Asker: 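Encoded as structure tokens, here's the structure I'll be asking about.
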Amino acid sequence: MNCSAARKAIYPSPDRCVLSVETGKALDHVRQCPDCRRYFESQAEWSRLLRAKAGAEPAPDQLRERIAGEIESHQRIEGPRRLGWIAAAALIVVCLPALWFARRIPSQLFFLALCEDHIKYLSADSQLRSSDRAEIESWFRDKTDFGVRVAALGTAEILGSRLCFLRGKKAALVFYRQQGRPVSLFQINRRDLSLAALDRWEVDGAAVWRASFKGYSVAAFEQRGVVYALISDLRESELLRLASAARAEAQGY
Amino acid sequence: MKLLPFQPRPPAGESRESPEHAVGRMLLENLDGLYSTAYRLTGRADAAEDLVQETAHKALRAAASLRDQRNLRAWLFTILVHAIRDHVRRRRRWEESDQQIESAPAGPDLESLSQAAVQDVRDALGRLSPPQRAVVLLVDLEEFTIAEAARMLQAPPGTVASRLARAHQALKGLLRAYGSRSSELGGQP
Ligand SMILES: [Zn+2]
């Protein structure tokens, strides 16, 4: 096979080309031909440059919120449908007071925003640098309308804290490091978001909600009107273990 | 404190991540890409918003019956591209003559692309025919394979690969023309 036929057979690149009887022979040719390897390398570089220059048109915020709202209302409908009508009716009666406080920010969007904040502060850029739990708790005292608890997450190191504003809501953020990996613990007032946007799991017989966004795991639970959300790229079972520890400790306060 | 060993598990009868959550998460994570693709193929912000909303609606409705959660991203773009194609077809021709190319295009001209202004690159993309622009958006910008793009566009993979090669040639020609224009004017890129 000559250069021209090989390039045509695996255009635009060896990993994105159409698979055909010709592909194998063309790939063999490219492996042995420095000119063809250079050709595909510069083709890949050209695509990367095009992607960088063309950029993306960011979706408008209203569209993002409309879609997040639709996702959430869909999840509310799908949940009860599975339980059957009697259970659904009972659920509506029980949940009606909660639905009254129709949440203005769709919760899944809020958890995505928490992950984006975790990524933004991967270097634990703290407003208060401290490993003293009592000091961090008192630093938050006049900053939030709920009591912030700084749980000891097993052997995780406490690095500091920060007050975040996400979509107009306050979130208390405590930075930890576990096995060399950054872990963020966010605390948010229960009225600002719903855990129903995540998947419910059981850990040590207690409910923990999980999800993943942008490659990061979220493990969340609720205690006394506060939602606790742990975010990290640790193994998910490890993060759920930390969430379980935090939950057990928050219960003891 | 002591951490008890445990085995985290979802409640009985539930899978690891429900399809509704997986689809919702995918939608939010890829919203910019979906919107960008719709905007660049229709040229209108209002149409792009409607098409992305329609995509979300169809995807969420179909989520419960989804058997295979692998490659949800390609599935979402497939729904979007079908909606865009219907939208564009109602207004103007989408089809183009799809002759196979004789040979692969000459090596890419990295210099004219790296010197091109961002606005010229966007303008050049906008000058491609909708089917050519669609392939560039899906393969170069969204990084799908030719096979995935072919499924989205409901066209044979060989045709899509040829269309991409022709689109690349057209883009290179446009960018070279922009380059010589700006050097004639003595301006910087
Ligand atoms: Zn060769």
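Fair warning: this is a prediction, and the values are worked out from it, not measured in the lab. Proteins get letters first, then strands, A, B, ... in listed order; numbering begins at 1 in each.
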Asker: Which one of B:Val136, B:Asp109, B:Asp32, B:Leu27 has the most heavy-atom pairs closer than 4.5 Å to chain A?
Answerer: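 Maximum pair count with chain A is reached by B:Asp32.
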Asker: Side chain, backbone, both or neither: which part of B:Val121 has a non-hydrogen atom closer than 4.5 Å to chain A?
Answerer: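 B:Val121 touches chain A through side-chain heavy atoms alone.
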Asker: Report which part of B:Gln119 has an atom under 4.5 Å of a heavy atom belonging to chain A: side chain, backbone, both, or neither.
Answerer: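 Neither part; nothing is under 4.5 Å.
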Asker: Could you grab the distance from atom CD of B:Gln115 to atom CG of B:Asp120, nearest 0.5 Å is fine?
Answerer: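 The CD atom of B:Gln115 sits 12.0 Å away from the CG atom of B:Asp120.
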Asker: With chain A as the partner, which of B:Thr145, B:Leu141, B:Leu113, B:Val118 has the greatest number of non-hydrogen pairs under 4.5 Å?
Answerer: B:Leu113
Asker: Looking at A:Gln62, A:Glu57, A:Gln43, A:Arg38, which makes the most heavy-atom pairs under 4.5 Å with chain B?
Answerer: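 The candidate making the most pairs under 4.5 Å is A:Glu57.
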Asker: Specify which of A:Cys3, A:Ala207, A:Pro60 makes the most heavy-atom pairs with chain B at under 4.5 Å.
Answerer: A:Pro60
Asker: So, do A:His118 and A:Phe186 have ring centers that fall under 6.0 Å from each other?
Answerer: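 They do not qualify: ring centres at least 6.0 Å apart.
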Asker: B:Glu20 versus B:Leu60: any side-chain heavy-atom pair under 4.5 Å?
Answerer: no
Asker: Between A:Asp15, A:Ile10, A:Leu49, which residue shows the highest count of heavy-atom pairs closer than 4.5 Å to chain B?
Answerer: A:Leu49
Asker: Tell me whether B:Arg73 forms a cation-pi arrangement with B:Phe144, defined as NZ or CZ under 6.0 Å from the six-membered ring centre and within 45 degrees of its axis.
Answerer: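 Verdict for B:Phe144: a cation-pi partner in B:Arg73.
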Asker: Is a side-chain donor-acceptor pair under 3.5 Å present for B:Asn30 with B:Glu142?
Answerer: no
Asker: Among A:Ala52, A:Ala56, A:Ala54, A:Ser47, which has the most heavy-atom pairs under 4.5 Å with chain B?
Answerer: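 Top count of heavy-atom pairs under 4.5 Å with chain B: A:Ala54.
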Asker: With a 4.5 angstrom heavy-atom cut-off, could you sort out which part of A:Leu112 is near chain B: side chain, backbone, both or neither?
Answerer: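 Contact with chain B is through the side chain of A:Leu112 alone.
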Asker: With B:Met152, which of B:Val135, B:Thr78, B:Ile84, B:Ile79 fulfils side-chain contact (heavy atoms from CB on, under 4.5 Å)?
Answerer: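 For B:Met152, the side-chain contact (heavy atoms from CB on, under 4.5 Å) test succeeds with only one of B:Val135, B:Thr78, B:Ile84, B:Ile79, which is B:Thr78.
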Asker: Are the side chains of A:Ile188 and A:Leu114 in touch, meaning some heavy atoms are under 4.5 Å apart?
Answerer: yes
Asker: Of the listed residues (B:Leu125, B:Leu34, B:Val139), which shares the most heavy-atom pairs with chain A below a 4.5 Å separation?
Answerer: B:Val139
